[in-house]
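A, B, ... follow the sequence lines: proteins, then strands. Residue 1 opens every chain.
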Amino acid sequence: MTAPESDFFQRVYAVVRTIPTGRVTSYGAIARYLGSAGGARTVGYAMNAAHSLPDVPAHRVVNRLGILTGKHHFGGFTAMQQQLEAEGIRVEDDQIQDFARHFWDPVTEL
DNA sequence: ACCGTGACTGACG
DNA sequence: ACGTCAGCCACGG
């Protein structure tokens, strides 16, 4: 409504916050859910600002290949991987194993 | 108001 | 099969 500063970002946070534990999704899936299929990059940009939101599990958001592309932005080089492994997701070589099995599509699930 | 940047994705060679 | 190129949207300066 009124002056929804970066309303797009807020919607991204809302979706990421809805990701169930032990599940992961891709930027493109969120972007598509928001109506901006080509705005996948923008979703990642939003995650960059999500660092201020403790309720936004950014570690559950990876690229469409299941690679922890944003691990460098997470504050550490292994924090994101450990966080995922802590939820039961196996990560190897910065890539999520059985990604398709852990994949959570907001358009389909939401 | 314009330009540059970025945690992406899909297509081409 | 792998590597490279271009396109896309939104925010910040």
Side-chain angles (χ1 to χ4, degrees):
Chain A
M1 276 110 347
T2 54
E5 49 183 321
S6 337
D7 193 36
F8 198 86
F9 280 32
Q10 297 299 323
R11 287 179 191 175
V12 174
Y13 305 146
V15 177
V16 176
R17 212 178 304 148
T18 311
I19 301 173
T21 308
R23 297 280 189 191
V24 289
T25 187
S26 63
Y27 305 95
I30 298 172
R32 196 166 79 118
Y33 177 76
L34 297 177
S36 298
R41 297 182 58 171
T42 312
V43 175
Y45 197 80
M47 302 310 301
N48 194 1
H51 263 280
S52 274
L53 308 173
D55 289 29
V56 180
H59 60 271
R60 291 181 190 156
V61 185
V62 294
N63 69 347
R64 89 161 189 92
L65 299 177
I67 303 173
L68 288 69
T69 49
K71 69 172 186 175
H72 293 170
H73 289 262
F74 209 75
F77 294 87
T78 52
M80 188 174 183
Q81 180 175 335
Q82 287 185 353
Q83 191 66 293
L84 287 169
E85 289 181 329
E87 297 192 357
I89 300 175
R90 191 153 71 88
V91 181
E92 195 168 302
D93 193 37
D94 302 332
Q95 186 170 1
I96 297 177
Q97 304 303 302
D98 299 314
F99 175 62
R101 195 173 69 165
H102 293 292
F103 184 70
W104 179 84
D105 189 343
V107 181
T108 304
E109 303 292 332
L110 215 48

Going by the rule side-chain contact (heavy atoms from CB on, under 4.5 Å), which residues pair with [X] if we only count those two or more places apart in sequence or in a different chain?
X       : value
A:Tyr45 : A:Phe9
A:Thr18 : A:Trp104, A:Leu110
A:Ser36 : A:Phe8

> Would you call A:Asp98 and A:Arg90 a salt bridge, taking side-chain N to carboxylate O under 4.0 Å as the test?
Replying inline: no
Excluding sequence neighbours, so at least two apart, what forms salt bridge (Lys or Arg N to Asp or Glu O under 4.0 Å) with [X]?
X       : result
A:Arg11 : A:Asp7
A:Arg17 : none
A:Arg60 : A:Glu87

>> For a stem of at least 3 consecutive Watson-Crick or G-U pairs with distances under 3.5 Å, i pairing with j, i+1 with j-1 and so on, which stems involve DNA chain B?
In response: B:2-6 with C:9-13, B:8-13 with C:2-7
>> Base contacts versus sugar-phosphate-only contacts with protein, heavy atoms under 4.0 Å: please encode nucleotides 7-13 of chain B as B, S and - from 5' to 3'.
In response: BBSS---
> What does nucleotides 1-6 of chain C look like as a protein-contact string, B for base, S for sugar-phosphate only, - for none, at under 4.0 angstrom between heavy atoms?
Replying inline: ------
> Does any pair with a residue in residues 72-86 of chain A pass salt bridge (Lys or Arg N to Asp or Glu O under 4.0 Å), and if so which ones, sequence neighbours excluded?
Replying inline: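 Residue pairs passing salt bridge (Lys or Arg N to Asp or Glu O under 4.0 Å), neighbours aside: none found.
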> With sequence neighbours left out, which residue pairs that include part of residues 34-56 of chain A fulfil the salt bridge (Lys or Arg N to Asp or Glu O under 4.0 Å) condition?
Replying inline: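 Output for this query is empty, none listed.
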> Does A:Tyr13 have any ring-ring contact (aromatic ring centres under 6.0 Å, His included) partners at least two apart in sequence or in another chain, and if so, which?
Replying inline: none
